Protein chains: 2
Amino acid sequence: MRTEARLELGPSSLTDALYESIRKRIVNGEIPQGEKLTEVRLATEYNVARPTAKAALERLTALGLLRRTAHKTAVVPVLDEAEIRDLFFSRITIEKAAVSTLAATGQVPAEAARAQVAIEYAARDRLFENQVEADIAFHTALVAAVGSRRLTRMHELIIGEVQLTMGQYQAHRKAAPTTVAEEHAAILTSIEEGAPDAAAEHLAYHLEQAQGRLLSTLSGD
Amino acid sequence: MRTEARLELGPSSLTDALYESIRKRIVNGEIPQGEKLTEVRLATEYNVARPTAKAALERLTALGLLRRTAHKTAVVPVLDEAEIRDLFFSRITIEKAAVSTLAATGQVPAEAARAQVAIEYAARDRLFENQVEADIAFHTALVAAVGSRRLTRMHELIIGEVQLTMGQYQAHRKAAPTTVAEEHAAILTSIEEGAPDAAAEHLAYHLEQAQGRLLSTLSGD
DNA sequence: CGTGCATTCTTGTCTAACAATTTGAGGATC
DNA sequence: GATCCTCAAATTGTTAGACAAGAATGCACG
């Protein structure tokens with residue numbers, strides 16, 4: 001691992017920048033499952049003080065991207081089947097509420113529509129990385145469009161782990177390229193038609209499919 | 001405010017103890033809405049180092065019990081009507097999922113039943129404080145009984161703010177003493193009968209009532 | 001080969017200090 | 001007298017170094 005990693009100076013806080021950098025490296029799979037992250041190693045690597053590294057680790061732990069208990073080293077978690085099921089159960093709970101609410105107004109969020117287009121392009125060109133990214137953007141946009149700060153925060157608590165598993169298992173490669181796009185389209189259509197129950201069902205189906213792909217990657221490969 | 005507050009030595013970590021102590025003082029209303037909490041003041045008051053106080057404040061901020069932005073002092077938030085609606089929308093989302101899941105198994109969680117008994121006693125004896133406490137315990141027990149780590153964590157993210165508003169508006173005093181207990185009983189009955197939709201409806205009704213009491217306290221008083 | 005102890009690593013907490021930012025008060029100006 | 005500006009004070013962000021306490025590891029010994 002290269003010493004002296006660089007930090008983008010975008011965020012105002014140094015802790016923010018460090019947090020973002022590590023977060024990306026984890027969800028990209030650059031830091032693999034089971035990897036241990038000590039405070040001093042990160043501090044020296046990024047050339048920051050240990051308390052700063054500590055703060056970043058604590059925030060990642062709060063989002064489920066790291067596990068750690070008192071006096072023990074933080075580690076990138078390995079999600080087993082039970083935990084992936086739990087993750088998707090929770091995710092479905094949040095996103096169902098989101099699409100139902102959106103359907104009640106009949107307004108298709110513009111941001112989600114944009115992400116949907118990006119997914120279609122990525123699927124056509126077989127750009128898996130982009131497809132994963134746009135997929136996350138799509139679901140995040142749906143939740144954000146509800147305009148509920150707390151629903152959004154709960155979703156953030158979930159979506160990090162989703163990215164983690166996606167990046168590490170690369171389950172999207174198992175999906176027929178256009179399947180995801182079609183399932184998304186069904187959700188958007190139901191929202192546009194003002195059908196909350198249908199939207200919720202399409203969403204649940206879509207996420208159950210995604211969960212199935214992840215689990216089959218996990219066991220059979 | 002008294003200097004040199006005492007910390008219970010139960011939790012292993014000093015930060016944990018500090019966090020718990022401040023958290024209780026906030027949800028009890030001992031630290032009122034709008035109160036500013038500076039790092040140095042807490043540090044001197046509790047006789048700990050500033051970084052320790054900082055860590056506790058950050059954890060409280062993550063749970064919504066404090067608001068703060070970069071370089072500004074933390075403040076106990078004042079929830080307006082829109083935010084209370086958002087809070088209950090999010091809360092209903094989580095707890096509906098919880099009771100539906102429990103009803104699917106037909107198992108009434110023992111812990112919730114215990115809390116229900118405690119509420120009935122408190123209502124009979126008009127012990128409002130105990131009633132609030134037992135009410136929170138009841139709802140927390142329902143969610144915990146699902147056994148989903150992530151659902152529980154999302155609920156924790158919500159329930160702190162619920163306690164905050166309950167403690168500060170004391171809305172429970174508006175409820176006829178036995179109303180809450182009856183509404184809870186309806187939820188438990190539906191769970192026992194294995195009726196997910198009915199359980200969800202009873203829960204939504206119950207929480208909408210609670211929200212209504214809070215909002216009327218907020219405007220009319 | 002297994003167990004127990006000591007070393008070492010890592011985290012928890014503190015003290016002290018400086019930098020960067022926000023806040024508030026006072027003064028100058030209109 | 002009101003408003004804006006400037007500057008000082010207060011507060012947070014970050015660093016460095018240090019020590020204590022708990023966890024992990026390896027080695028010696030039975």
Side-chain angles (χ1 to χ4, degrees), chain A residues 1 3-23 26 31 33-78, chain B residues 1 3-23 26 31 33-78:
Chain A
M1 191 157 295
T3 52
E4 180 79 28
R6 204 67 55 79
L7 285 182
E8 292 120 42
L9 296 161
S12 53
S13 162
L14 186 60
T15 305
D16 288 349
L18 181 58
Y19 158 79
E20 237 334 272
S21 174
I22 301 174
R23 188 188 143 282
I26 290 177
I31 301 177
Q33 284 184 333
E35 179 100 348
K36 288 209 258 188
L37 294 181
T38 72
E39 296 179 358
V40 283
R41 189 160 75 80
L42 284 174
T44 55
E45 217 170 277
Y46 281 96
N47 210 32
V48 298
R50 187 162 76 92
T52 308
K54 182 188 188 64
L57 288 180
E58 270 162 7
R59 278 165 57 173
L60 289 163
T61 304
L63 281 186
L65 290 176
L66 288 177
R67 298 263 169 91
R68 74 176 186 160
T69 54
H71 287 283
K72 282 201 266 192
T73 307
V75 57
V76 180
V78 181
Chain B
M1 193 157 293
T3 52
E4 179 81 28
R6 204 66 55 80
L7 285 182
E8 291 119 42
L9 295 161
S12 51
S13 161
L14 186 60
T15 305
D16 288 349
L18 181 58
Y19 157 80
E20 231 344 85
S21 174
I22 301 174
R23 186 189 144 280
I26 291 178
I31 301 178
Q33 284 183 333
E35 179 100 348
K36 289 209 261 189
L37 294 181
T38 72
E39 297 179 357
V40 283
R41 187 161 75 81
L42 285 174
T44 55
E45 215 170 281
Y46 281 98
N47 210 32
V48 299
R50 189 162 71 92
T52 307
K54 181 188 188 66
L57 288 180
E58 270 161 8
R59 277 166 57 174
L60 289 163
T61 304
L63 281 188
L65 290 176
L66 289 177
R67 299 261 169 93
R68 76 176 185 159
T69 53
H71 287 280
K72 282 200 267 194
T73 67
V75 56
V76 181
V78 181

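Proteins get letters first, then strands, A, B, ... in listed order; numbering begins at 1 in each. Computed from a prediction, not measured in an experiment: that's the story for all the values here.
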Roughly how many Å is it from [atom1] in [X] to [atom2] in [N], rounded to a whole number?
| X | N | atom1 | atom2 | value |
| --- | --- | --- | --- | --- |
| E58(A) | dT10(C) | CD | P | 18 Å |
| L14(A) | dT21(C) | CG | P | 13 Å |
| L37(A) | dT10(C) | CG | P | 12 Å |
| K54(A) | dT14(D) | NZ | P | 16 Å |
| D16(B) | dT11(C) | CG | C1' | 13 Å |
| L42(A) | dT10(C) | CG | P | 12 Å |

Between [options], which nucleotide has the shortest distance from any of its atoms to the side chain of [X]?
| X | options | result |
| --- | --- | --- |
| V48(B) | dC14(C), dG12(C), dG13(D) | dC14(C) |
| V40(B) | dT15(D), dG12(C), dT11(D) | dT11(D) |
| E39(B) | dC14(C), dT15(D), dT12(D) | dT12(D) |
| T73(A) | dT11(D), dT14(D), dT11(C) | dT11(C) |

Donor-acceptor under 3.5 Å ([X] side chain, [Y] main chain):
| X | Y | value |
| --- | --- | --- |
| T69(B) | K72(B) | no |
| T61(B) | L57(B) | yes |
| R41(A) | K36(A) | yes |
| S21(A) | A17(A) | no |

With a 4.0 Å cutoff (strictly under), does any side-chain N or O of T38(A) reach OP1 or OP2 of dC9(C)? no

Below 4.0 Å: OP1/OP2 of dG12(C) and any side-chain N or O of T52(B):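 Answer no for this pair, as no side-chain N or O of T52(B) is under 4.0 Å from OP1 or OP2.
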
Assess whether one donor atom and one acceptor atom, taken from the side chain of R50(B) and the base of dG13(D), lie less than 3.5 Å apart.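 In this structure, the two groups form a donor-acceptor pair.
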
Reading 5' to 3' through nucleotides 21-26 of chain D, protein heavy-atom contacts under 4.0 Å coded B for base, S for sugar-phosphate only, - for none: -SSS--

Quickly, which of V76(B), L65(B), L18(B), L37(B) forms a side chain to side chain contact (heavy atoms under 4.5 Å, CB included) with L60(B)? Name it, please.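 Only one option passes, and that is L65(B).
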
Do I22(B) and Y46(B) have side-chain heavy atoms sitting under 4.5 Å apart? yes

Which residues satisfy the salt bridge (charged side-chain N to carboxylate O under 4.0 Å, His left out) test with R68(A), sequence neighbours excluded?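 Listed in chain order: E39(A), E58(A).
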
Pick the closest DNA chain C nucleotide for L57(A) and for P51(A) by heavy atoms, then say which residue is nearer the 5' end. L57(A)

